[in-house]
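Please read these numbers as outputs of a predicted model, since none were measured by experiment.
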Amino acid sequence: MSQVPADVRFTRRHEWVRLEADGTVTVGISHHAQNALGDVVFVELPKAGVVVAAGETVTPIESTEGASDIYAPVGGKVVDVNTRLESRPDLLNSQPYAAWLFRLEPSDGNELDSLDLLDPAVYKRMCGE
């Protein structure tokens with residue numbers, strides 16, 4: 001696994017999640033996920049302002065190996081997207097922990113406390129690394 005920032009946690013679906021100081025949640029894909037996907041060739045970013053439910057598909061990612069959906073770890077409003085990925089989807093492969101996908105403003109701040117997020121060591125073991 002590549003160098004993982006200390007403030008990142010993981011879902012069992014291989015998204016990484018970071019709680020920001022302003023209360024938003026940043027979401028990306030893990031090194032393990034990008035490796036399994038192969039070369040990412042297209043990302044359909046959500047529109048800012050879209051409201052999503054926890055567990056709902058937010059964005060599909062297409063790669064040389066197929067397509068995969070990225071899910072919302074919490075319900076809320078999409079407040080920002082990483083527009084660099086529109087022209088450089090390969091950043092998800094080369095910089096998985098810097099090339100975030102979207103940021104959510106949670107509709108229920110308490111929902112974050114109930115998430116089953118994995119710390120990097122547990123996630124690494126889950127992935128067999």
Kindly give the heavy-atom pair with the smallest separation between Val78 and Pro46, and that separation in Å. CG1-CG, 4.1 Å
CG of Leu19 to CG of Leu104: how many Å apart, nearest 0.5 Å? 11.5 Å
Side chains of Lys77 and Val50: closer than 4.5 Å at any heavy-atom pair? no
Given the rule that I, L, V, M, F, W and Y join up when any side-chain heavy atoms are under 4.5 Å apart, are Val122 and Val8 in one cluster? yes
Could you tell me the separation between the CG atom of Leu45 and the CZ atom of Phe102, rounded to the nearest 0.5 Å? 9.5 Å
Step by step, work out the side-chain contact (heavy atoms from CB on, under 4.5 Å) result for Ile61 and Leu101. CA-CA 10 Å; Ile61 294 177; Leu101 291 159; 4.2 Å; yes
Minimal heavy-atom distance between Pro120 and Pro5, with the atoms involved, is CG-O, 4.4 Å
Distance check, rounded to the nearest 0.5 Å: Met126 atom CE versus Ser30 atom OG? 8.0 Å
By the side-chain hydrogen bond (donor to acceptor under 3.5 Å, both in side chains) test, which pairs, at least two apart or in different chains, include something from residues 86-95? Gln34-Asn93, Arg88-Asp90
Kindly state each residue pair satisfying side-chain hydrogen bond (donor to acceptor under 3.5 Å, both in side chains) with at least one member in residues 60-71, sequence neighbours excluded. none
Can you list every pair that meets side-chain hydrogen bond (donor to acceptor under 3.5 Å, both in side chains) and has a residue in residues 11-29, with sequence neighbours left out? Thr11-Glu15, Arg12-Asp116, His14-Tyr123, Arg18-Glu20, Glu20-Thr26, Asp22-Thr24, Thr26-Arg103
Listed partners of Asp119 passing salt bridge (Lys or Arg N to Asp or Glu O under 4.0 Å), at least two apart: none
If the condition is side chain to side chain donor-acceptor pair (under 3.5 Å), which residues does Arg9 pass it with, not counting sequence neighbours? none
Return the CD1 to OG1 distance between Ile70 and Thr59, rounded to the nearest 0.5 Å. 7.0 Å
Tell me, do Pro106 and Val25 make a side-chain contact under 4.5 Å, heavy atoms counted? yes
So salt bridge (charged side-chain N to carboxylate O under 4.0 Å, His left out) across residues 28-52, not counting sequence neighbours, yields none
Side-chain donor/acceptor of Tyr97 to backbone N/O of His31, under 3.5 Å: yes
What are the two closest non-hydrogen atoms of Pro73 and Ala54, and how far apart are they? O-CB, 4.1 Å
